[in-house]
Novice: 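Got a structure here, written out as structure tokens. Questions coming.
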Amino acid sequence: MISLGIESTAHTFGVGIADQKGRILANRKSVYATKHGGMIPAKVSEHHLESFEGVLSDAVNDAGISLADVDVIAYSKGPGIGHTLRIGSALARSLSLLLKKPIVGVNHCIAHLEIGRALTPCKDPVFLYVSGANTQIIAFEEARYRIFGETLDIGVGNFIDAFAREAGLGFPGGPEVEKLAKKSSGKYVELPYVVKGMDFSFGGILTQLKKMLKEHSVEDLCFSLQETAFAMLLEASERAMAHTGKKELLLGGGVACNKRLQEMSKAMCFERGAKCFILENQFNADNGAMIAWLGLLEARKRNFEKIDKTSILPYWRTDEVQP
Ligand code: ATP
Ligand code: FE2
């Protein structure tokens, strides 16, 4: 069985192709970026409309198949930006009708997790999911993916991006902040540290960082931002591991590309005798391959949608997904 997955929850338009053995035959994407300023939904939609044809044909070429070989069409149903989700779901419907193949909409957050289970040896991890809009600690307990901790305001990626925008570093801000943090003298600037139980929040740190832009070097602020935010995320993840008794930590989402977060995660796992699993960057950031793979898992259960019942769910929560 071959699955073609379409990702369009936010800034990335991606097409991935996977087979039932968990082999990724293609993973193509085009990512909206700016030099200054953030992400405007209408502009991102324009970007996706302009890039979908090229991304789709490149993916099919990489896989060495023809569209007629595809057995199931999967798309990101949510959560995400309504404007961009509509583009992916419309393309999925067109392909399903054209190729006369079944269609299935999948949860983007679970796709991040399942691609981690497919491409690493981890079996039953605590999943630290850190992307732009989402920041959640997820684990499978009592027959469902449950959220053990999450951000009370903005996602850690959006927090980093908002700081980067203020500092004139462009979008996405994460890679730039990581680079500048490395150039820091290692001077730690005191920032609020906000963990409440298993949850955390970033709004207060953002306000504080913006105020400090004139007083400190941007390098030292980037360094302090990373040290503080990542320590918060790992404190809550460690608590989730202790609570569930799970011995594996899996990282996922765009922020998981950050080498400092990876290093801190490995150190935490080492200290508790647990294993840390990290994906290649192309599977951490939004991608079509993870949508294709989750589509395949759904297809095995024959969880298809009727084409006239397909829809998007911009606010779909991980713990609402029926296993
Ligand atoms: P979701 O819809 O799951 O919220 P997303 O649209 O935010 O996903 P992702 O590709 O998962 O997309 O994550 C993008 C985020 O990752 C951006 O906020 C970006 O700044 C951040 N990011 C990317 N690389 C790094 C890095 N090296 N360090 C820190 N953050 C990074
Ligand atoms: Fe994502």
Side-chain angles (χ1 to χ4, degrees), residues 5-14 16 27 29-34 37-39 41 44-45 47-48 75-85 87-88 106-116 127-136 138 147 150-151 154-167 169-182 202 206 222-223 225-230 233 251-265 278-291 294 312-318:
I6 300 167
E7 162 58 29
S8 72
T9 53
H11 60 317
T12 300
F13 182 84
N27 190 29
K29 59 180 96 170
S30 172
V31 184
Y32 175 83
T34 70
M39 173 165 72
V44 188
S45 303
H47 161 268
H48 290 3
Y75 66 97
S76 261
K77 200 174 171 70
I81 304 170
H83 293 69
T84 58
L85 282 170
I87 294 169
V106 302
N107 181 283
H108 175 92
C109 311
I110 307 269
H112 272 292
L113 196 163
E114 289 295 350
I115 195 74
F127 179 48
L128 174 58
Y129 171 37
V130 279
S131 67
N134 297 290
T135 304
Q136 299 177 337
I138 304 168
I147 300 174
E150 64 188 313
T151 177
I154 48 176
V156 63
N158 284 1
F159 153 66
I160 297 174
D161 293 339
F163 169 71
R165 187 165 65 234
E166 199 73 15
L169 308 174
F171 174 85
E176 213 46 46
V177 166
E178 181 175 11
K179 253 188 248 157
L180 291 173
K182 275 201 196 106
F202 299 103
L206 178 59
C222 289
F223 167 76
L225 173 161
Q226 289 196 163
E227 296 304 305
T228 309
F230 299 164
L233 293 169
L251 299 188
V255 182
C257 298
N258 188 290
K259 289 281 179 290
R260 180 62 187 143
L261 175 63
Q262 296 182 0
E263 195 179 276
M264 289 167 75
S265 304
I278 293 168
L279 289 161
E280 258 180 65
N281 281 354
Q282 61 164 326
F283 301 113
N284 275 325
D286 284 354
N287 65 89
M290 67 183 192
I291 304 303
L294 184 52
I312 56 165
L313 295 173
Y315 300 101
W316 201 8
R317 276 179 63 84
T318 312

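Here the structure is a predicted model, which means the values were calculated and not measured. Heavy-atom basis, side chains included; hydrogens, waters and symmetry copies ignored. Indexing begins at 1, ligand by ligand and atom by atom, following the structure's order.
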Novice: Quick one: sort the H108 and H112 rings into parallel, tilted or perpendicular, breaks at 30° and 60°.
Specialist: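 H108 vs H112 ring planes: perpendicular.
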
Novice: Let's go through F202 and N158 carefully: what are the C-alpha distance in whole Å and the side-chain angles of both, what is the deciding distance for side chain to side chain contact (heavy atoms under 4.5 Å, CB included) to 0.1 Å, and is it a yes or a no?
Specialist: CA-CA 9 Å; F202 299 103; N158 284 1; over 6 Å; no

Novice: I need the nearest protein heavy-atom contact for atom 4 (O) of ligand 1: residue, atom name and distance, please.
Specialist: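 Closest protein heavy atom to atom 4 (O) of ligand 1: S131 OG, 2.6 Å.
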
Novice: Report the nearest protein non-hydrogen atom to atom 21 (C) of ligand 1: residue, atom name, distance rounded to 0.1 Å.
Specialist: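 Protein heavy atom with the smallest distance to atom 21 (C) of ligand 1: V255 CG2, 3.8 Å.
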
Novice: How close do E178 and R260 get, heavy atom to heavy atom, and via which atoms?
Specialist: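 Scanning both residues, the minimum pair turns out to be OE2-N, 4.1 Å.
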
Novice: Does ligand 1 have a heavy atom under 4.0 Å from the side chain of H108, from its backbone, from both, or from neither?
Specialist: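 Near ligand 1, H108 shows its side chain, while the N, CA, C and O stay back.
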
Novice: For G155 and ligand 1, answer yes if some heavy atom of the residue is under 4.0 Å from a ligand atom, otherwise no.
Specialist: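 Distance cut 4.0 Å: G155 fails for ligand 1.
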
Novice: In terms of atom number and element, which parts of ligand 1 are under 4.0 angstrom from non-hydrogen atoms of T9?
Specialist: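 So the atoms of ligand 1 that pass are 2 (O).
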
Novice: Does a side-chain heavy-atom distance below 4.5 Å link I6 with F13?
Specialist: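 They are in contact (side-chain heavy atoms under 4.5 Å apart), so the answer is yes.
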
Novice: Where do A10 and V44 come nearest, in terms of heavy atoms and distance?
Specialist: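 Between these two residues, the closest heavy atoms are O-CG1, 3.5 Å.
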
Novice: Tell me the contacting part of N134 for ligand 1: side chain, backbone, both, or neither, using a 4.0 Å heavy-atom threshold, strictly below.
Specialist: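 For N134, backbone and side-chain atoms both sit under 4.0 Å from ligand 1.
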
Novice: If you look at every heavy atom in A289 and F283, which pair is closest and at what distance?
Specialist: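 Nearest heavy atoms, A289 then F283: CB-CE2, 3.8 Å.
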
Novice: Within ligand 1, which atoms have a heavy atom of A285 less than 4.0 Å away?
Specialist: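 The list of qualifying atoms is 10 (O).
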
Novice: Can you pull out the closest protein heavy atom to atom 3 (O) of ligand 1? Residue, atom name and distance to 0.1 Å, please.
Specialist: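 Of every protein heavy atom, Y129 OH, 2.4 Å lies nearest to atom 3 (O) of ligand 1.
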
Novice: With respect to G254, determine whether any N or O atom, backbone or side chain, lies less than 3.5 Å from an N or O atom of ligand 1.
Specialist: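 Yes: some nitrogen or oxygen of G254 is under 3.5 Å from one in ligand 1.
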
Novice: Check whether any side-chain heavy atom of T9 sits under 4.5 Å from a side-chain heavy atom of T84, and report yes or no.
Specialist: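 No, too far: nothing below the 4.5 Å cut-off.
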
Novice: Going by the atom numbers of ligand 1, which of them fall below 4.0 Å from some non-hydrogen atom of P172?
Specialist: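 Counting from 1, the qualifying ligand atoms are 19 (C), 20 (O).
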
Novice: Has ligand 1 got any nitrogen or oxygen that is less than 3.5 angstrom from a nitrogen or oxygen of P79?
Specialist: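 It does not: no N or O of P79 is found under 3.5 Å from an N or O of ligand 1.
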
Novice: Report the nearest protein non-hydrogen atom to atom 28 (N) of ligand 1: residue, atom name, distance rounded to 0.1 Å.
Specialist: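 The closest heavy atom on the protein side is N258 ND2, 3.0 Å.
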
Novice: So if I count the atoms of ligand 1 from 1 in the order they appear, which ones are less than 4.0 Å from some heavy atom of G157?
Specialist: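 Listed by number with element, the hits are 18 (O).
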
Novice: Below 4.0 angstrom from a heavy atom of A133, which ligand 1 atoms are there? Numbered from 1 as shown, please.
Specialist: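 Going through ligand 1 atom by atom, the ones under 4.0 Å from A133 are 4 (O), 7 (O).
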
Novice: I need the nearest protein heavy-atom contact for atom 15 (C) of ligand 1: residue, atom name and distance, please.
Specialist: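 For atom 15 (C) of ligand 1, the nearest protein heavy atom comes out as G132 N, 3.7 Å.
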
Novice: Does the residue R260 have a heavy-atom contact with ligand 1, meaning some pair of atoms that are separated by less than 4.0 Å?
Specialist: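 So R260 does not count as touching ligand 1.
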
Novice: Just to confirm my output: which protein heavy-atom neighbour is closest to atom 6 (O) of ligand 1, and how far is it?
Specialist: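 The answer is D286 OD2, 2.9 Å.
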
Novice: H11 heavy atoms, cut-off 4.0 Å: which ligand 1 atoms fall inside?
Specialist: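 The list of qualifying atoms is 5 (P), 6 (O), 9 (P), 10 (O), 12 (O), 14 (C).
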
Novice: If the contact criterion is a heavy-atom separation under 4.0 Å, does G80 count as touching ligand 1?
Specialist: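 G80: no contact with ligand 1 (<4.0 Å).
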
Novice: Does N287 form a side chain to side chain contact (heavy atoms under 4.5 Å, CB included) with K29? I'd like the steps, not just the answer.
Specialist: CA-CA 7 Å; N287 65 89; K29 59 180 96 170; 3.8 Å; yes

Novice: Any idea how Y32 and H47 line up, ring-wise: parallel (<30°), tilted (30 to 60°), or perpendicular (>60°)?
Specialist: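 The arrangement is perpendicular - the two ring planes meet at more than 60°.
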
Novice: Write down the atom of T135, the atom of V156, and the distance for their closest heavy-atom approach.
Specialist: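 Scanning both residues, the minimum pair turns out to be OG1-N, 2.7 Å.
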
Novice: Side chains of C109 and P79: does their closest heavy-atom pair fall under 4.5 Å?
Specialist: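 Contact flag for C109/P79 side chains = yes.
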
Novice: What's the shortest distance from atom 30 (N) of ligand 1 to any protein heavy atom, and which residue and atom give it?
Specialist: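 Answer, as residue, atom name and distance: G174 CA, 3.3 Å.
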
Novice: If the cut-off is 4.0 Å to any non-hydrogen atom of G173, which atoms of ligand 1 fall inside it?
Specialist: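 Going through ligand 1 atom by atom, the ones under 4.0 Å from G173 are 20 (O).
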
Novice: Is the closest side-chain heavy-atom distance between N258 and V130 below 4.5 Å?
Specialist: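 They are not in side-chain contact.
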
Novice: Checking the N or O distance criterion of under 3.5 Å, is ligand 1 in contact with I160?
Specialist: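 I160 vs ligand 1: no N/O contact under 3.5 Å.
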
Novice: Going by heavy atoms in the side chains, are Y129 and L113 under 4.5 Å from each other?
Specialist: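 No, their side chains stay 4.5 Å or more apart.
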
Novice: If we set the cut-off at 4.0 Å for heavy atoms, which region of D161 has an atom near ligand 1: side chain, backbone, both, or neither?
Specialist: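 Side chain only.
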
Novice: So which N/O/S atom does D286 have closest to the Fe ion (ligand 2)?
Specialist: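 Result for D286 and the Fe ion (ligand 2): OD1.
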
Novice: What atoms in ligand 1 come closer than 4.0 Å to a heavy atom of A10?
Specialist: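 Numbered from 1, ligand 1 contributes 6 (O).
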
Novice: Just so I know, are the side chains of L251 and Q262 near enough to count as touching, which here means a heavy-atom distance under 4.5 Å?
Specialist: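 L251 reaches Q262 side chain to side chain.
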
Novice: In degrees, rounded to 10 degrees, what angle do H112 atom NE2 and H108 atom NE2 make at the Fe ion (ligand 2)?
Specialist: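 Approximately 90° at the metal, rounded to tens of degrees.
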
Novice: Measure the shortest side-chain to side-chain distance between M39 and D161 over non-hydrogen atoms and say whether it is less than 4.5 angstrom.
Specialist: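 No - every pair of side-chain heavy atoms lies 4.5 Å or more apart.
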
Novice: Less than 4.5 Å apart, any side-chain heavy atom of C222 and any of F163?
Specialist: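 The answer is yes, as the side chains (C-beta and beyond) meet within the 4.5 Å cut-off.
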
Novice: Please indicate whether any nitrogen or oxygen in E178 is less than 3.5 Å from any nitrogen or oxygen in ligand 1.
Specialist: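 Yes; at least one N/O pair falls below 3.5 Å.
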
